[in-house]
Amino acid sequence: MLEIQELRQNADGVIEGLKKRHFDAQPIITELLGLDEQWRSRKTELEGISAQMNQISKEIGILFKEGKAEEANAAKAKTVELKELEAKLKSEVEELDEKILQLMYQLPNVPNELVKAGKSEADNEIVSEGGDQREYGFEPLPHWDLAAKYDLIDFELGVKITGAGFPIYKGKGAKLQRALIAYFLDKAEEAGYQEHIPPHVVNEASGYGTGQLPDKEGQMYHCTVDNLYLIPTAEVPLTNIYRDVILPNEDFSIKITGYTPCFRREAGSYGKDVRGLNRLHQFDKVEIVRIEHPNNTAKALDEMVEHVRGLLQELGLQYRVLRLCGGDTGFASAMTYDFEVFSAAQEKWLEVSSVSRFDTFQSNRLKLRFKNADKKTQLCHTLNGSALALPRIVAALMENYQTEDGILIPAVLQKYTGFDKIS
RNA sequence: GGAGAGGUGUCCGAGUGGUUGAAGGAGCACGCCUGGAAAGUGUGUAUACUGGGAAACUGGUAUCGAGGGUUCGAAUCCCUCUCUCUCCGCCA
């Protein structure tokens, strides 16, 4: 959520910035500022009345203490009218509050200055590329065929147990998952991220904290009996660790990581790119999360991008890094880098990581702050990224490392898998 | 799941209707004291919104788990929810 102060002081800047998303904020912000002005005047009025009420109550207390019951009762009569007025103003203020909040929820984050305007993924900028395209010398199989051929992943069995999008990994397929998770976590730890194993279900407050609620409710599985949500990403529990936290000084840099399964309903996305591992309802991911002083955000983002790049390089995958254009950048993000690996067998790029800076957009909701040099509280910046999401990495590894008689395991993973080839 | 006890500031802990944003203590910060330190001593020590002020600062409002209610007035009384602890039951 944007900061209302920012809108008051720099409405034009926000409107201009949001144009890069092809988002016309003008009408919302105009309405918002009007409501805000009303809100402030009502609020001032209300507080004046409350002050009077408090004063009278105090006096009544003193009168009773002095035994002047009659005067006290007379004073009580004065409050009747004030009380009515107070109630009326209070409900008006609350109503305005709610309207303002609903409008605030509709405004996405303002893109960073480096972000180019654009409508869709077609406008994303490729900022770097690495790795070589694989030459096969035979007709490569897509991963779903390889999964069947070597009995690594059983999609149909998953359908029987749960439904589409919940595959069952078997044998070396399962071991490969475990190896990747361990490898990613070890690399994150090496880079200074502290490992956490968070809950895989979260409460409503956490959903609001990172912005999944109220809007993206349909994306999450909801356990209605207990009103808990299955996490769509570790970002939710990991970032919410710092909900309602005020860090004591400005000397901080928090780096945490965690592996979790992720659950996404993906409602309405059937039929497109859903084959095999490309889009699942449950998948594994190692996430990295940072909480930074605003001065350090740009550097932190670069470090995260380099971290992910390092993983893809070690895995020997052909990849490219995209800086998303305004229109493709997530609602809460100020700037996002996507990582894609090339699948020669599917002849397309697969998104395997997304690294974003949110600046104060999340921390405003989370009430995550620090004490600055002036002893004032100030919002922290949050960042997060996948390092990495497993399914498409698995798909790319299987496809790119296939030979005619098996699938090779990249050198960095062999100590985790215990085998160097699947055949 | 059943029964009971509780949730007060950074922490401990008072407080059962009235100048209580909240005693007291600890911790922390700054000052005094000291050759230096300890001890001692003084002051300060929540968050948000809003008004005034260039700022230091200052007026107001709200906040004692959350939300409602009673009352001129609620940390204190009533209701709902939630969390923690103890006992019983169940159980990996």
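Numbered from 1 within each chain, the chains take letters A, B, ... in sequence-line order. This structure is a prediction, so every number in the text was calculated from the model and none was measured. Computed from heavy atoms alone, side chains included, the values below leave out hydrogens, waters and symmetry copies.
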Problem set entry | Backbone N/O of A:Glu351 and side chain of A:Arg392: donor-acceptor pair under 3.5 Å |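 Between the backbone of A:Glu351 and the side chain of A:Arg392 there is a qualifying donor-acceptor contact (under 3.5 Å).
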NA contact type, [X], heavy-atom cut-off 4.0 Å: base, sugar-phosphate, or nothing?
| X | result |
| --- | --- |
| A:Gln5 | sugar-phosphate |
| A:Leu46 | nothing |
| A:Ala51 | sugar-phosphate |
| A:Ile56 | nothing |
| A:Thr79 | sugar-phosphate |

Counting only side-chain N and O atoms of [X], is one of them less than 4.0 Å from OP1 or OP2 of [N]?
| X | N | answer |
| --- | --- | --- |
| A:Asn54 | B:rG60 | no |
| A:Arg8 | B:rU50 | yes |
| A:Arg42 | B:rU50 | no |

Exercise. Checking A:Lys285 against A:Tyr259: charged group under 6.0 Å from the ring centre and within 45 degrees of the axis?
Worked result: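 No.
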For this session: Measure from the side chain of A:Lys83, starting at C-beta and using heavy atoms only, and say which of B:rU61, B:rU71, B:rC49 lies closest.
Result: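 Shortest atom-to-atom distance from the side chain points to B:rU71.
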Exercise. Now, which nucleotide makes the Watson-Crick or G-U wobble pair with B:rC85, with each of the two distances under 3.5 Å?
Worked result: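 Base-paired to B:rG4.
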Problem set entry | Electrostatic pair A:Lys83:A:Glu86 at N-O distance under 4.0 angstrom |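 Between A:Glu86 and A:Lys83 there is no salt bridge, as every charged N stays at least 4.0 Å from the carboxylate O atoms.
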For this session: Using the P atom on both, measure B:rC64 against B:rG7 and round to a whole Å.
Result: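 Comparing P positions in B:rC64 and B:rG7 gives a spacing of 14 Å.
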